[in-house]
Amino acid sequence: MSAAVEEQMVVKAIREECPWESLPKRLQSTLHTKDEWHRRIVDYCIRKRLQWNTCFARRVYREGEYYEEMMRYLRRNLALYPYHLADYMCRVLRISPFRYYCDILFETMKNEQPYDSIPNFTAADALRLTGIGRNEFIDIMNKCRSKKLMWKLNKSIAKDLLPTQPVDFPIEPWWGVCLVNFTLEEFKKLSEEETATIDKICKEEANSYVLFDMKIIDDLYKRGLVYFDVPVYTDDRFKVSRLEGFVSNKDQSYEDPIEELLYAVFVVSSANATVAELAATLQADLYQLQAAASFACRLGWAVKLVDGDSVFKDEGLKSHAVTLYEAGKLGDSCIAELCSDLASLEGKKFEGVLEEFANHAFSLRWSLECLKSGGVSTDDSTDKDGETMTPTNLLHENVTAHLANANIEERAEDGLDKVPQDNCSTGVLDNKDENISSVSMGLPERGENMVRIEAQNDSTGTNVLMIKRKYSVDVLRCESLASLAPATLERLFLRDYDIIVSMVPLPSSSVLPGPSGTIHFGPPSYSAMTPWMKLVLYTAGHSGPLSAVFLKGQRFRLLPEPLAGCEKALIWSWDGSMVGGLGGKFEGNLVKGNLLLHCLNSMLKQSAVLVQPLRIDDLSASGNLVTVDIPLPLKNDDHSIASVVAQANLPKEQVFNLTSVLKDLSSKFQLTTLGYLRLLRLNNLVESDKFHPENASYQWVPLSLEFGIPLFNPNLCERICERVVASRILQKDDLTEHYDVMQNVRRRLRELCSEYQATGPVAKLYNKRGNSKDLPRTLINSISSRWDPANDPSAPTNTRTPSEHERLKLAVRQRCGTEVVGFDGRTVRSYSLSPEQDEATTKHISDEQSSTHEGKPDQEDAHSKDVTLPGLNLIFDGVELHPFDIGACLQARQPLWLIAEASTVSSTLI
């Protein structure tokens, strides 16, 4: 059998993954042994640079052995670094491109081979990362040879002349940042900022370079702790630029399908052809072509056309962005043009981070048009001459959304000369009435901000007067507003604006209007942007998920029973570090139960945290949270909420207690503002300890309440705009109800923060100096039910999964005003002070609360950006909030009063 025929048969058998036993007899006789067949399989897969988990080599070689053998082959041939295999090469083997090319340069120098012996692309990539080109290579060799005998005896002196860190090179914003597998020693040497960045990389779905602190990422890269991924998708388009940094050495003498494709890509690439189309033209493997295009982008020889800069250039949007960034404001005169430019992006396809940015643009247009209209939807109607008018319908399409770091300000028109003529002809009728024969509209008089609409009803002979308020809209940049003094900012708001609407989540540098100033549809105070708001929501409605609050600076040696054994847990931090995503998404960090101890100890170094443990029955089949977002305002103009329930689009069997929960929360909070309420589905099994999915029942409980327009969720943003229309909240004569609701939320937040901060009455009581045994306590309950199902309260914790019945038993236990929930390492119990001290303590707390709030103006929490931290550990049991004694779980077991005192002194010094 000829060599060519034999090679064809071998390749065919490898592609079909034929085992030795199934090979044709002719091929078996040529290969002789099974080991030889396995060697040919591995050789072929290595030559093709195939991934172990997708090629035939996985049947005959272990993963580590396969990649180590590949690295030996690549070094031997001075081949290009296999970037498409970086997930194993960089992450697991810890062989970075920089280290790899340094090894290749050293081997070339050690063997005294000329620089020209390094293949073209290998030399170009080595130059990019090490800074060593032809001249540098020759200079190092001359220095080595000058050592004469020492060079002949010890070739390693060349290695001492090679760089120890990569040189700086261009990094595109859309490149991905990936982590290697750290050693314990490397992890211990990380700074707090680096640890926070690494946590963010771990939890982000999008890991683009532009989303992180570039200096920190660059430092981590130079230490070999992160590497860069250059993603290329099938519908990406590229244009070939000048081959800067190309090295004209010899071509490779080995097989490398990616290098071979590069030359073909340079020839056939077109700005109008996608990667998939190029692969079809070249009849090449799509995966290998993506790898070749990715490498060309690394070296700057190809430019991805679908990037943020080209999007803004193509649409004329760049001028709007520059104006907003530099001037800090886009005035009402620019809004119509901006919306028109944003509309031109529709129908274009974007991927990855660019898709998010494009969605921001779509969303901004959606929100601006809704606010510009005054929150009304117009229907076809006839004018007084009987001609049909077709005004713009603001709810005519689905627009995906996300825009962060912007406040949108609404300003009432104050003169006839500011009202465009075409706007004055827009009719607003809630319902079509066949008896209405004509509609007449009057222009606003000078100084008024409304259009009067008078409809004649022939059947009743009555006139119906309707009024449409007119609004102009400015877009203000939060960072620019933050540079103004608070008093100046208040005067600006009062002078120019009637309503302020926040695009949330807001950046930490943002400023909020004062409580007595302009109407604000957004967070009522800085505390509302922290987990305090969740605790206010839960305690006000006596409903919510089991939640534990832990002080900053503590370190756990074991988890207390509310958390131990949970399937997963949702973590929220007071400094917002665990709320991320592009532009922020108000999503806590969902971690596995077996990682919770490590995560808590890491986070508590930076901030206080709120933890919500979840059982496996509380999660979906895929292990995720099941939530539903309810857009606000909750009630329609007729005060009904039926349409909100229908708008949730839940199957009938999943509605559960949704209506009753919304009614109850509405009675507590009113919810007459812009924003959304997020509900969490929890298992509601009470009949049996065993979980049967087919018989499962659930309940909805409030998870979070956010104020403002959240543009990160396209569907939710649209539904909020629909609620603005249905409630006619922007068309009301006055917004006193909204003002009162926000004042109530401020008051609740202020009272809760004051009560449980380090200097608050509850914290003072439970953080008293001395041994806690000196404080008389009365046992109320042995709460072994929720976390220790055994009948004997002193029995060790049972490791089986607790049932919902056990969870509910905690909520219905006997209670008292000064109750403490504690975990002693084995059992959860609740305690009260002695009856005499209980009564005195209750009075003491009440007196301190009233004295704290008397004479305390609302302005105090409006201008201060300092976040009040909890002064003691707390637990919300599903109904009430109580101090949580977890001293037995802490390392070093520092007294709580000492931690609280240290926190207070530290904040005073700062």
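- Between D35 and R39, none of the side-chain N atoms (NZ, or NE/NH1/NH2) sits under 4.0 Å from a carboxylate O, so this pair counts as no salt bridge.
- Side-chain atoms of Y88 and N53 form no donor-acceptor pair, as typed in the model, at a separation below 3.5 Å.
- Relative orientation of the F228 and F169 rings is perpendicular, given thresholds of 30° and 60° on the angle between their planes.
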Applying side-chain hydrogen bond (donor to acceptor under 3.5 Å, both in side chains), run through N154 and S156 and close with a yes or a no. CA-CA 5 Å; N154 182 15; S156 64; 2.4 Å; yes
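- Side chain to side chain, Y101 and D125 meet the donor-acceptor criterion of an N or O pair below 3.5 Å.
- In this structure, a donor-acceptor pair under 3.5 Å is present between the side chains of E112 and W151.
- The salt bridge (Lys or Arg N to Asp or Glu O under 4.0 Å) analysis of residues 178-189, with sequence neighbours excluded, yields the pairs R94-E186.
- Checking each of N181, L190, L179, I217 against L225 for a side-chain contact (heavy atoms from CB on, under 4.5 Å) leaves exactly one that passes, namely L190.
- The aromatic rings of F187 and H598 are tilted relative to each other, their planes meeting at an angle between 30° and 60°.
- The side-chain hydrogen bond (donor to acceptor under 3.5 Å, both in side chains) analysis of residues 291-302, with sequence neighbours excluded, yields no pairs.
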Take Y66 and Y61 through the test ring-ring contact (aromatic ring centres under 6.0 Å, His included) and record every step on the way to the result. CA-CA 6 Å; Y66 173 75; Y61 250 45; 7.1 Å; no
Between Q165 and K222, is the side chain to side chain contact (heavy atoms under 4.5 Å, CB included) condition met? List the steps. CA-CA 6 Å; Q165 286 188 339; K222 290 182 177 179; 4.0 Å; yes
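- In this structure, L161 and C144 approach most closely via the heavy-atom pair CD1-SG, 3.9 Å.
- Here the closest heavy-atom approach between residue L162 and residue I132 is recorded as CD2-CD1, 3.4 Å.
- Remark: Q51 CD to E63 CD distance equals 9.5 Å, nearest 0.5 Å.
- Checking Y44 against R15 by side-chain atom types alone, a donor-acceptor pair falls below 3.5 Å.
- Taking each heavy atom of T108 and S117 in turn, the nearest pair found is CG2-OG, 3.8 Å.
- Summarising the geometry of L211 relative to K200, their closest heavy-atom pair is O-NZ, 3.1 Å, with the distance given to 0.1 Å.
- Not a single side chain to side chain contact (heavy atoms under 4.5 Å, CB included) links Q283 to another residue, sequence neighbours left out.
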Is there a salt bridge (charged side-chain N to carboxylate O under 4.0 Å, His left out) between K34 and E21? Walk through the geometry before answering. CA-CA 9 Å; K34 186 176 183 179; E21 294 76 15; 3.6 Å; yes
